[in-house]
Amino acid sequence: MFDTHVNLHAEAFEDDLEDVLARAREAGIKRFLAICDRFDNYPKVRAIVEANSDIWNTVGVHPHHAKDFQDLTVEELVGAAGDPRTVAIGETGLDFHYGYSAEAEQVANFSRHIAAARETGLPLVVHTREADGLTANILEDEYKNGPFGILLHCYTGGQELADRGLALGAYFSVSGILSFKNAKDVRAVISKIPLDRVILETDCPYLAPMPYRGRRNEPAYLPYVADALADLHGMTREEVTSICEANALTLFDKVGT
């Protein structure tokens with residue numbers, strides 16, 4: 001299995017990262033994509049990658065932190081993305097739930113990341129929360145200037161954004177949220193997304209799936225995310241993980257097999 005969204009540099013893993021990775025590997029996780037949430041955290045993320053041959057990374061600035069990196073340039077993102085094991089741009093996008101950064105700051109940040117994705121040919125990892133319409137508008141407008149790969153990660157958006165994303169060739173990742181009892185709306189949307197456009201993630205240390213909800217999440221729990229997706233489609237865990245791994249390797253083609 002390929003856990004396509006892990007925050008391994010998070011404080012939650014400072015004391016036992018090696019044990020966390022050992023449990024994940026024992027559970028069948030063969031590849032990890034370590035996410036960069038702040039450009040100044042890139043060296044910390046890279047240190048983890050350099051110490052582990054089965055981990056790759058992204059480079060980017062989460063929308064929460066957009067206010068702190070208004071001077072970040074496309075050229076800086078592109079330069080960092082030149083590393084062989086930097087395989088995606090992001091995560092980036094829009095999040096209007098908490099309002100940690102102003103809308104204009106988030107939009108500017110998002111646009112720079114899109115430009116970097118287009119220039120490098122790397123896929124764009126998109127975070128969107130309570131911003132479906134504007135996210136879709138920006139992606140569509142930017143796509144007219146030249147195509148780029150899109151992943152709508154930890155997807156909890158509505159059907160309209162899903163349909164508009166699919167029209168742009170987007171992929172969608174599902175997390176432990178899919179297993180939550182109160183996530184009926186999420187399951188309804190995900191059930192309509194073609195399986196050849198879906199990949200798996202934990203988003204650890206956040207969003208632990210059932211039966212671990214409320215605890216620190218770990219990559220070792222990815223099989224439970226797979227189970228939730230398998231239940232949704234009446235398939236086995238093995239069938240789902242095989243499809244999703246192939247999808248992830250297609251999207252993150254710099255990882256290789």
Side-chain angles (χ1 to χ4, degrees), residues 1-52 54-66 68 85-88 90-93 95 97-98 100-101 125-130 151-156 172-183 186 199-229 241 244-245 248 252:
M1 286 177 280
F2 187 170
D3 191 342
T4 62
H5 203 102
V6 292
N7 300 284
L8 297 179
H9 67 290
E11 184 178 351
F13 295 128
E14 281 186 355
D15 295 332
D16 64 344
L17 179 58
E18 290 307 313
D19 291 339
V20 167
L21 291 173
R23 285 192 290 271
R25 290 163 183 147
E26 186 174 352
I29 315 306
K30 302 300 184 184
R31 299 176 182 86
F32 308 79
L33 183 57
I35 302 300
C36 180
D37 59 340
R38 296 174 55 95
F39 196 69
D40 54 4
N41 276 337
Y42 183 68
K44 189 175 182 180
V45 174
R46 285 294 310 160
I48 295 171
V49 170
E50 289 167 5
N52 296 274
D54 53 0
I55 304 178
W56 289 261
N57 67 274
T58 71
V59 59
V61 176
H62 191 288
H64 285 342
H65 306 299
D68 300 323
R85 294 175 67 191
T86 300
V87 301
E91 73 187 274
T92 182
D95 190 320
H97 182 75
Y98 291 110
Y100 291 143
S101 291
V125 179
V126 179
H127 170 110
T128 180
R129 188 175 185 187
E130 297 180 15
L151 170 64
L152 292 166
H153 111 88
C154 191
Y155 193 72
T156 57
F172 300 77
S173 58
V174 295
S175 69
I177 291 174
L178 197 67
S179 71
F180 295 176
K181 292 180 180 178
N182 61 352
V186 173
I199 64 177
L200 303 173
E201 64 162 280
T202 57
D203 201 9
C204 63
Y206 317 107
L207 305 176
M210 299 296 290
Y212 298 102
R213 188 176 183 184
R215 304 185 195 180
R216 180 188 72 172
N217 198 6
E218 297 188 9
Y221 300 159
L222 189 65
Y224 295 96
V225 179
D227 287 344
L229 185 61
T241 56
C244 291
E245 181 183 28
F252 301 114

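Owing to the predicted nature of the structure, the values given are computational and were not obtained by experimental measurement.
Nearest approach of A88 to F252, heavy atoms of both residues: CB-CE2, 3.7 Å. Nearest heavy atom pair, residue R215 against residue A208, reads O-CB, 3.6 Å. Of all heavy-atom pairs spanning C36 and N41, the tightest one is SG-C, 4.5 Å. The shortest non-hydrogen separation linking A66 to S101 is N-OG, 3.3 Å. Heavy atoms only, all atoms of each residue included: C204 and P219 are closest at SG-CD, 3.6 Å. Counting all heavy atoms, side chain and backbone alike, D68 lies closest to R38 at OD2-NH1, 3.0 Å.
The distance from the CG atom of D37 to the NZ atom of K44 is 9.0 Å, given to the nearest 0.5 Å. Interatomic distance, CD1 of I199 versus CG of L151, reported as 4.5 Å (0.5 Å rounding). The distance from the CG atom of L178 to the CE atom of M210 is 12.5 Å, given to the nearest 0.5 Å. Between the NZ atom in K30 and the CZ atom in R25 there is a gap of 10.0 Å [rounded to 0.5 Å]. With rounding to the nearest 0.5 angstrom, the CG atom of L33 is 12.0 Å from the CG atom of D54. Distance CD1/I35 to NE2/H9: 9.5 Å, rounded to 0.5 Å.
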Yes or no on side-chain contact (heavy atoms from CB on, under 4.5 Å) for Y206 and N217, after CA distance, side-chain angles and deciding distance? CA-CA 5 Å; Y206 317 107; N217 198 6; 5.8 Å; no
Could you give me the CA-CA distance, side-chain angles and deciding distance for C154 and I177, then say whether side-chain contact (heavy atoms from CB on, under 4.5 Å) is met? CA-CA 8 Å; C154 191; I177 291 174; 3.9 Å; yes
Does L21 form a side-chain contact (heavy atoms from CB on, under 4.5 Å) with L8? I'd like the steps, not just the answer. CA-CA 9 Å; L21 291 173; L8 297 179; 4.0 Å; yes
Decide yes or no on side-chain contact (heavy atoms from CB on, under 4.5 Å) for H65 and F39, but give the supporting numbers first. CA-CA 9 Å; H65 306 299; F39 196 69; over 6 Å; no
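Relative ring orientation between Y224 and Y212 is described as perpendicular, the plane-to-plane angle rising above 60° on a 0-90° scale split at 30° and 60°. The aromatic rings of H153 and H127 sit tilted, their planes meeting at an angle between 30° and 60°.
Residues F180 and V186 have side chains not in contact (no heavy-atom distance under 4.5 Å, counting atoms from C-beta outward). Considering only heavy atoms from C-beta on, E201 stays 4.5 Å or farther from L207 through its side chain.
The number of heavy-atom neighbours closer than 6.0 Å to CD of E14, taken from other residues, nucleotides and ligands shown, is above 12.
With no hydrogens or angles considered, no side-chain donor-acceptor pair links D95 and H62 at under 3.5 Å.
The backbone N or O of L200 sits less than 3.5 Å from a side-chain atom of T4, completing a donor-acceptor pair. Panel note: side chain R85, backbone I55; a donor-acceptor pair is recorded below 3.5 Å. Without hydrogens or angle criteria, T58 side chain to G90 main chain gives a donor-acceptor distance under 3.5 Å.
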